[in-house]
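In what follows, a single structure is set out as structure tokens and then discussed.
As a basis for the values below, the full set of heavy atoms in this structure was taken, side chains included, without hydrogen atoms, waters or symmetry mates.
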Amino acid sequence: MKITRVTSHVLQYDLPELLGYSQQFYAKRSAHLVEVETDEGITGWGECFGPGNVALANKTIVEKVIQPLILGDDPLDRDVIWHKVYNLTRDHGQKGMPLQALSGVDIALWDIAGKVAGLPIHKLIGGAHRTEVGVYGYGMMLRPEDTASLAARFEDEAAAIRDMGFAATKMKVGLGPRDDVKLAQAVRRGVGPDFPFMVDANHCYTTSDAFYVGRALEELDAYWFEEPVAPEDLDGYRELRAGLKVNIAGGEAEFNRWGWRALLENRGLDIAQPEVCALGGISEYLRVLALAHAHFTPVANHVWGSAIAVATNLQLLAVMPPLPGGMHQWQPWLEFDTTDNKFRDQLLREPLDIQGQIKRSGGKVAIPTGPGLGVEPDRDFIAAYRVDA
């Protein structure tokens with residue numbers, strides 16, 4: 001079997017409302033799918049992390065840099081391919097967009113391998129530790145509103161997410177430390193005293209401001225404080241973890257095993273959040289997972305993107321071993337964006353129906369058991385939303 005073509009499909013549509021996080025507002029939803037074709041008619045699908053113009057730049061890397069390196073290769077030689085591409089591009093970036101592009105290709109190669117074997121990816125890796133996973137719903141995105149209006153909106157939205165059946169919820173912050181505490185207080189009022197909620201800062205604070213917010217989150221019994229400071233600030237992460245009781249989470253902006261080695265050895269995380277569509281794909285995710293567990297650090301995957309990203313993460317959550325082992329272990333959650341996302345809800349021939357599953361099963365979703373990722377996209381849908389044709 002040989003690889004005959006690698007194609008990027010960048011999709012986009014206008015969101016019904018402006019949404020934001022601490023770094024920017026955005027008006028469009030994007031997704032970057034990667035399709036790897038073979039001479040035996042078997043096609044694999046993957047996804048690259050990165051919206052908008054980042055996706056268009058990554059498309060160039062996928063098709064103009066990576067594709068010429070792997071045409072004619074056996075797609076089942078995915079680890080050989082991974083290292084060949086990484087070694088030949090490392091002079092131009094060991095992190096960031098080259099790894100995001102490689103991630104989508106690698107995921108597609110795993111999808112092909114599963115289809116060749118007639119097995120889901122979790123079986124290829126070694127089997128499922130669980131057949132279903134809990135789901136937390138994130139929402140409470142920033143809007144261009146004053147703090148009081150946003151707090152009222154957050155309170156109602158948090159209650160709605162809880163009532164949908166999710167196991168927990170996550171909010172965004174980024175207005176500034178004092179206003180952000182008001183938003184967190186509103187979310188706690190919305191979900192009640194016992195429902196788990198998490199706070200995602202998208203690295204908007206200095207260490208001192210993060211301590212201010214983190215101490216307030218301790219009082220509110222938030223479960224984790226995500227990306228409180230810049231991903232490069234390893235000392236800040238370590239200081240926050242040592243000085244706060246709330247769990248410190250992060251890692252979505254870290255890449256490959258070498259970046260993760262430094263992050264984990266620094267002991268700055270209570271919870272690791274690798275992003276499989278960015279760090280190097282499934283092949284590299286498995287190495288990062290092993291590193292995290294070698295440092296006794298629980299993993300809660302970062303999930304952002306289309307149904308391809310969701311399906312990929314479901315396969316990986318299935319194979320995640322319990323840490324450290326026992327009858328009543330903490331179980332990983334699937335992250336689910338509750339805001340408008342056609343590329344997750346309408347992309348597949350047979351939708352995953354995450355929200356429907358949650359309602360029917362008390363907050364959990366099943367791991368797909370079909371070959372490869374266990375899902376197939378609708379080509380007509382892709383054609384309707386492509387912006388790179």
Side-chain angles (χ1 to χ4, degrees), residues 8 31-34 36 44-51 54-55 57-58 61-62 65-66 78-79 81-90 92-111 121-122 125 200 202-203 226-227 230-234 237 249-266 268-269 271-295 297-306 308-320 332 334-335 373:
S8 280
H32 178 184
L33 308 183
V34 175
V36 176
W45 293 91
E47 182 161 355
C48 303
F49 183 82
V54 172
N58 280 337
I61 299 174
V62 168
V65 179
I66 297 177
R78 53 192 177 276
D79 197 58
I81 289 171
W82 195 99
H83 285 91
K84 177 170 76 168
V85 171
Y86 183 80
N87 289 339
L88 291 174
T89 58
R90 77 192 314 163
H92 314 288
Q94 303 92 42
K95 298 186 179 188
M97 291 162 65
L99 269 294
Q100 292 172 349
L102 177 55
S103 297
V105 174
D106 180 79
I107 293 167
L109 296 180
W110 276 88
D111 190 30
I121 287 172
H122 66 259
I125 294 171
D200 186 359
N202 293 109
H203 52 78
E226 182 172 334
E227 278 204 309
E232 301 95 333
D233 187 6
L234 299 185
Y237 271 97
E252 70 183 74
E254 192 51 85
F255 299 86
N256 70 43
R257 75 201 83 159
W258 299 284
W260 271 94
R261 179 183 65 179
L263 181 58
L264 292 163
E265 287 178 349
N266 189 64
L269 294 178
I271 297 170
Q273 296 177 300
E275 168 54 74
V276 66
C277 297
L279 63 79
I282 293 174
S283 296
E284 196 68 356
Y285 170 91
L286 294 174
R287 292 184 268 263
V288 168
L289 175 63
L291 273 175
H293 280 200
H295 288 84
T297 304
V299 173
N301 295 354
H302 179 265
V303 184
W304 180 93
S306 80
I308 297 297
V310 173
T312 302
N313 278 279
L314 285 171
Q315 296 292 332
L316 297 176
L317 291 170
V319 303
M320 189 183 296
L334 173 71
E335 179 176 12
L373 292 172

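Applying the side chain to side chain contact (heavy atoms under 4.5 Å, CB included) criterion to Cys48, with sequence neighbours excluded, gives His32, Val34, Val62. In this view, Glu254 and Lys95 satisfy the salt bridge (charged side-chain N to carboxylate O under 4.0 Å, His left out) rule, not counting sequence neighbours. Qualifying side chain to side chain donor-acceptor pair (under 3.5 Å) partners for Glu335, counting only residues two or more places apart in sequence or in other chains: Tyr136, Lys170. Phe49 is linked by a ring-ring contact (aromatic ring centres under 6.0 Å, His included) to His302, Trp304, counting only residues two or more places apart in sequence or in another chain. Listed by chain and residue number, nothing satisfies the side chain to side chain donor-acceptor pair (under 3.5 Å) test with His92 (two or more places apart in sequence, or in another chain).
The NE2 atom of His83 sits 10.0 Å away from atom CG of Leu102, with the distance rounded to the nearest 0.5 Å. Atom CG of Leu314 sits about 10.5 Å away from atom NE2 of His122, to the nearest 0.5 Å. Of the inter-residue distances, the one linking Glu47 atom CD with Ile308 atom CD1 reads 7.0 Å to the nearest 0.5 angstrom. Considering CG of Asn301 and CG of Leu316, their distance stands at 6.0 Å, rounded to 0.5 Å. Atom-to-atom distance recorded for Ile81:CD1 and Asp106:CG is 9.0 Å, nearest 0.5 angstrom. We find the CG-CZ distance between Leu99 and Arg90 to be 10.5 Å, quoted to the nearest 0.5 Å.
A side chain to side chain contact (heavy atoms under 4.5 Å, CB included) with Ile107 is found for one member of Ile282, Ile121, Val36 and no other, namely Ile282. Across Leu291, Thr297, Val288, Leu269, a single residue satisfies side chain to side chain contact (heavy atoms under 4.5 Å, CB included) together with Leu263, and that is Leu269.
The closest donor-acceptor contact from the side chain of Glu226 to the backbone of Gly250 lies at 3.5 Å or more, if one exists at all. Side-chain N or O atoms of Asn313 include none that pairs as donor or acceptor with a backbone N or O of Leu334 at under 3.5 Å. Within the 3.5 Å criterion, the main-chain N or O of Leu373 finds a donor-acceptor partner in the side chain of Gln315. Looking at Asn256, its side chain does come within 3.5 Å of a backbone N or O of Trp258 through a donor-acceptor pair.
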Worked verdict on Glu232 versus Tyr237 for side chain to side chain contact (heavy atoms under 4.5 Å, CB included): CA-CA 9 Å; Glu232 301 95 333; Tyr237 271 97; over 6 Å; no

Worked verdict on Asn202 versus Glu252 for side chain to side chain contact (heavy atoms under 4.5 Å, CB included): CA-CA 10 Å; Asn202 293 109; Glu252 70 183 74; 4.3 Å; yes

Yes or no on side chain to side chain contact (heavy atoms under 4.5 Å, CB included) for Phe255 and Glu275, after CA distance, side-chain angles and deciding distance? CA-CA 8 Å; Phe255 299 86; Glu275 168 54 74; over 6 Å; no

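Scanning both residues, Ser283 and Trp82, for their nearest heavy atoms gives CB-CD1, 4.1 Å. Across all non-hydrogen atoms, the minimal contact from Gly46 to Ala108 is N-CB, 3.7 Å. Here the closest heavy-atom approach between residue Ala101 and residue Ile61 is recorded as CB-CG2, 3.5 Å. Listed here is the closest heavy atom pair of Asp111 and Gly44: OD2-CA, 3.5 Å. When all heavy atoms of Ala309 and Cys277 are compared, the closest pair comes out as CB-SG, 3.9 Å.
The salt bridge (charged side-chain N to carboxylate O under 4.0 Å, His left out) pairs that include a residue from residues 285-295 are Asp79-Arg287, Glu284-Arg287, where partners are two or more places apart or lie in different chains.
In this structure the side chain of Val105 never reaches within 4.5 angstrom of the side chain of Val85, judged on heavy atoms.
Aromatic ring centres of Tyr285 and Trp110: separated by at least 6.0 Å.
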